[in-house]
Amino acid sequence: DKEKLTKILTYHVLAGEVTAKQVKPGKVTTVEGSKLNVTRGSQGVKVDNANVVAVDVMATNGVIHVIDSVLLPS
């Protein structure tokens, strides 16, 4: 289902380039249009229930931050 896959993939993308130093706790809006919650604590940075395991992977089309699970839009 191409439409469902597009929704899942764009749920993992933010508009613009945001490095780890620029990330602030709070709600962020995805390209898909939903909001994710970013938190920072003693265990590191989380995006909803996913842990951020690598940051600032520079790519030709933006900055990648690796998480340890797949997030699904509601």
Side-chain angles (χ1 to χ4, degrees):
D1 184 332
K2 186 177 179 180
E3 184 177 326
K4 189 172 184 178
L5 178 60
T6 299
K7 186 172 181 163
I8 292 169
L9 293 175
T10 56
Y11 188 66
H12 289 76
V13 177
L14 302 180
E17 291 188 15
V18 181
T19 64
K21 284 186 176 187
Q22 296 170 313
V23 171
K24 293 182 173 120
K27 297 283 186 181
V28 294
T29 303
T30 68
V31 170
E32 181 267 339
S34 298
K35 293 196 182 289
L36 295 171
N37 190 40
V38 176
T39 57
R40 186 182 304 249
S42 61
Q43 300 294 323
V45 176
K46 293 182 77 122
V47 179
D48 282 347
N49 292 322
N51 296 301
V52 177
V53 296
V55 298
D56 294 347
V57 178
M58 303 309 279
T60 57
N61 62 342
V63 181
I64 300 168
H65 304 289
V66 181
I67 56 175
D68 65 357
S69 62
V70 175
L71 302 172
L72 298 174
S74 50

Of all heavy-atom pairs between [X] and [Y], which one has the smallest distance, and what is that distance?
X: Val47; Y: Ile67; answer: CG2-CG2, 4.5 Å
X: Tyr11; Y: Lys35; answer: OH-O, 4.2 Å
X: Ala50; Y: Leu71; answer: CB-CD2, 3.9 Å

Inset, instruction - Step by step, work out the side-chain hydrogen bond (donor to acceptor under 3.5 Å, both in side chains) result for Lys46 and Thr39. - result: CA-CA 5 Å; Lys46 293 182 77 122; Thr39 57; over 6 Å; no
Legend entry - Spatial distance of atom OG1 (Thr29) from atom CG (Leu14) [nearest 0.5 Å]: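 Here the interatomic distance stands at 8.5 Å.
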Using side-chain heavy atoms (C-beta onward) and a distance below 4.5 Å, is [X] in contact with [Y]?
X: Leu36; Y: Thr30; answer: yes
X: Leu9; Y: Leu5; answer: yes
X: Arg40; Y: Val23; answer: yes

Legend entry - Val63 reachable from Val55 in the ILVMFWY side-chain graph, under 4.5 Å edges: no
Inset, instruction - Say whether Thr19 and Gln22, considering side chains only, have a donor N or O and an acceptor N or O under 3.5 Å apart. - result: yes
Inset, instruction - State which residue, out of Lys7, His12, Lys4, fulfils the side chain to side chain contact (heavy atoms under 4.5 Å, CB included) condition with Pro73. - result: Lys7
Give a yes or no on whether the backbone of [Y] and the side-chain of [X] come within a donor-acceptor separation of less than 3.5 Å.
X: His65; Y: Val18; answer: yes
X: Asp56; Y: Ala20; answer: yes
X: Asp68; Y: Asn51; answer: yes

Inset, instruction - For the pair Val66 and Val52, evaluate side chain to side chain contact (heavy atoms under 4.5 Å, CB included) and give the outcome as yes or no after the intermediate values. - result: CA-CA 6 Å; Val66 181; Val52 177; over 6 Å; no
Inset, instruction - Apply the test side-chain hydrogen bond (donor to acceptor under 3.5 Å, both in side chains) to residues Asp48 and Asn37: give CA-CA distance (whole Å), side-chain angles for both, the deciding distance (0.1 Å), then the verdict. - result: CA-CA 5 Å; Asp48 282 347; Asn37 190 40; 5.4 Å; no
